[in-house]
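Taking it in order: structure first as structure tokens, then the write-up.
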2 protein chains.
Amino acid sequence: MGKKMSIKEIAKLSGVSVSTVSRVINDNGRFSEDTRQRVLKTIKKYNYQTNTLAKGLRMRRSNTIGIIVPDLSNTFFSSLVEKMENQFFSKNYSTIICDTGRNSDKEEAYIRMLEAKLTDGLIVISGKKTFDTNILSRPMPVVCIDRKPKGKKTLFVSSNHYQGAVIATTELLKAGTQPTLFKVSRNSSSILDRIRGFKDTMKKMGAELHNSSIISLSSDYRAGSDDRRLEIRNKLRKLINADKLPLGIFATSDTLAADIMIAARDLHLSIPGDLKIIGFDDAPISRYCYPQLTTIRQDISQIASQASQHLINAINNTDDDAEDSEDTIIDVQLVERSTV
Amino acid sequence: MGKKMSIKEIAKLSGVSVSTVSRVINDNGRFSEDTRQRVLKTIKKYNYQTNTLAKGLRMRRSNTIGIIVPDLSNTFFSSLVEKMENQFFSKNYSTIICDTGRNSDKEEAYIRMLEAKLTDGLIVISGKKTFDTNILSRPMPVVCIDRKPKGKKTLFVSSNHYQGAVIATTELLKAGTQPTLFKVSRNSSSILDRIRGFKDTMKKMGAELHNSSIISLSSDYRAGSDDRRLEIRNKLRKLINADKLPLGIFATSDTLAADIMIAARDLHLSIPGDLKIIGFDDAPISRYCYPQLTTIRQDISQIASQASQHLINAINNTDDDAEDSEDTIIDVQLVERSTV
DNA sequence: GTGAAAGCGCTAACAT
DNA sequence: ATGTTAGCGCTTTCAC
């Protein structure tokens, strides 16, 4: 309510010097219990708050973390971000969330902004390319999620996408189908891993891996749009003509799986009778599909806590000796529901 | 890559004084075209970036906006936030997004943090209670979305929830049903508006408004959970016994509507034959329901741009004369799909 | 145990 | 048109 108090006024009001006030606020250095009480009382009384800008300027750090995310409207990303932001908050960091809309120029601009704010560290999620620390004008700890980093001082946390694809493909094969992988043409490193897992498993299990075993959908269409579904229907029709039923599909995301299921319904394909399908993520949508979608669960909480913990550690390891730049790979898990 | 440059070093390197450098950076004050060129060149050459902490300290403002949001994993909120963040970024503001998880203590803590960062303004989205500017220790412009504000200097932007409820209820009535409203027990001011719209329409159209015309679901269960769906099935069964088919349901969100549709399927209720239903939001899920959900669309882009624009205006109106604290109410719209 | 003072990087009078 | 300087609020030597 009153005007903004500064440490100087608190000092005067408590009859001590600014340095002493600073010491008690940060519980750093020596002071008598008596002074402590007095200072704390004035602080409370006048509702004093530290000016973090001044503090940051002085300390050359801002207790702020930047998160670069491709697309907040994707539930996978938004819950990831939500969880990390929570972690950071509880550790007394604030978080600046930067939604790049998958646009590299914007990404660069954001990075400049974050640097100018003396951000202490960076979380970089997915995106098309690998992340190259060279675009940083000052070294700062960064942890990449689902996105291969390049350069020093960069940690990597990711689900085991390869393993997920292996599990899904094996499952589809066991169910007696000749699996096809559906993806959207945009290629992140996690998708690439899933494709590798798919191919390797196909080969290893002696399944035929032909030209149209991997179907790539236009990234111009949005999930859930009529265009997207139309395109899927067309691909599905071709598949029906070429393969024998039941079809087996590994979709690289649950949203995509959901669109495929709707297209399949339009084509009067029964699930899992005529078409067996497995998604990826265990997104909320998988429980709203009919029948409910069998999928590969990513452990979002785990990813979030590993990533934030690693970043905080890296920030506090002032010395860059601690080169525990081991990648952190997190297990995924098959969630059996009703589409296989 | 080199070390961090300061304005002082740029000054020396370009053979001018710091103030001149500051002037050309901010294009403020006079300087010769020649100096401008020289300074800009050194800035580029050494990859200088303004230290925004120092600037903020000096200017008593940080070019930062805080957004308080109840729950980022709700797509309505996340796309709202995504859109606003975009707007702010393009106007050169950074955004600190604070996910309170609907917890008031956390909300307060966030507000303290934002104040300490000398945030220039606040966007406050929804939440249980009205937002009282008295919890701010220093006056700052805030715009509330979907949440009734209390106190000075507070703008209000919201969809016309009342109108939406009127449209939905009327539609259900026209379809020959005796409408029931389903909600989750948590009460935000927007939900309250929808309830008013529902009740008023029922009365006005001479429909019977009895005790169980409004069904409130436990907020302990998460959307999509088995518990939630079980509870819905029970309520639905009662409804079937009491009313004659077809049932008419106005659900206060699309997610809720989707859960209701799944519960209805378990009960072998056909849609829209036995049950007609209208949701609210036009969330992505409405296009993944079967049949696709008829709903009331909120114009998220409009809300986002109005809110961010108003906030920026308020920030720049240093004088608090501009009391255009008119509420901004945004029209909603019926999206007819296949559930009525 | 406490205070005085320097300085983080910047802007904005106030000079010239 | 440009330079000098005070000071934003804070932390941290260095004295005492």
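The sequence lines fix the lettering, A, B, ..., with proteins before strands; numbering per chain opens at 1. The shown structure was predicted, so the numbers you read here are calculated from the model rather than taken from an experiment.
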Expressed as a whole number of angstroms, how long is the span from [X]:[atom1] to [N]:[atom2]?
X        : N      : atom1 : atom2 : value
A:Leu57  : D:dT11 : CG    : C1'   : 11 Å
A:Glu115 : C:dG9  : CD    : P     : 15 Å
B:Arg61  : C:dC10 : CZ    : P     : 17 Å
A:Arg23  : D:dC10 : CZ    : P     : 15 Å
B:Lys117 : D:dG9  : NZ    : P     : 17 Å
A:Met59  : D:dG9  : CE    : C1'   : 13 Å
B:Leu53  : C:dC8  : CG    : P     : 15 Å
A:Asn51  : D:dG7  : CG    : P     : 18 Å

>> Closest-nucleotide mapping onto DNA chain D: is B:Arg38 or B:Ala54 further toward the 5' terminus? I mean the 5' end.
In response: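 By nearest-heavy-atom nucleotide position, the 5'-most residue is B:Arg38.
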
Ionic contact status for [Y] with [X], cut-off 4.0 Å:
X        : Y        : answer
B:Arg112 : B:Glu115 : yes
B:Glu107 : B:Arg147 : yes
B:Lys12  : B:Glu9   : no

Check this one for me: any side-chain N or O of [X] less than 4.0 Å away from OP1 or OP2 of [N]?
X       : N      : answer
B:Asn28 : C:dT11 : no
B:Ser17 : D:dT2  : no
B:Ser32 : D:dT2  : yes
A:Ser22 : D:dT11 : yes

> Between the main-chain N or O of A:Lys150 and the side-chain N or O of A:Thr133, is there a donor-acceptor pair closer than 3.5 Å?
Replying inline: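 Flag set: sc A:Thr133 to bb A:Lys150 pair under 3.5 Å.
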
>> Tell me if a side-chain donor or acceptor on A:Ser78 pairs with a main-chain N or O of B:Ser73 at a distance below 3.5 Å.
In response: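 Between the backbone of B:Ser73 and the side chain of A:Ser78 there is no qualifying donor-acceptor contact (under 3.5 Å).
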
From C-beta outward on [X], which listed nucleotide comes closest to its side chain: [options]?
X       : options              : value
B:Ser6  : C:dC10, D:dT2, C:dA4 : C:dC10
B:Lys55 : D:dG9, C:dG3, C:dC10 : C:dC10
A:Ile7  : D:dC10, C:dG3, D:dG3 : D:dC10
A:Arg58 : D:dG9, C:dC10, C:dG3 : D:dG9
B:Tyr48 : D:dT2, C:dT2, C:dC10 : C:dC10

>> Can you tell me whether the side chain of A:Thr20 and the base of C:dG3 have a donor-acceptor pair closer than 3.5 Å?
In response: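 No pair found.
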
>> Let's test your reading of the model: under 3.5 Å, does the base of D:dA1 pair with the side chain of B:Thr35 as donor and acceptor?
In response: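 When only heavy-atom distances are counted, B:Thr35 does not reach the base of D:dA1 through any donor-acceptor pair under 3.5 Å.
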
> Given B:Phe131 and B:Lys148, is the side-chain contact (heavy atoms from CB on, under 4.5 Å) satisfied, shown in steps?
Replying inline: CA-CA 6 Å; B:Phe131 184 81; B:Lys148 291 284 187 326; over 6 Å; no

>> Can you work out whether A:Val18 or A:Gly29 has the more 5'-proximal nearest nucleotide on DNA chain C?
In response: A:Gly29

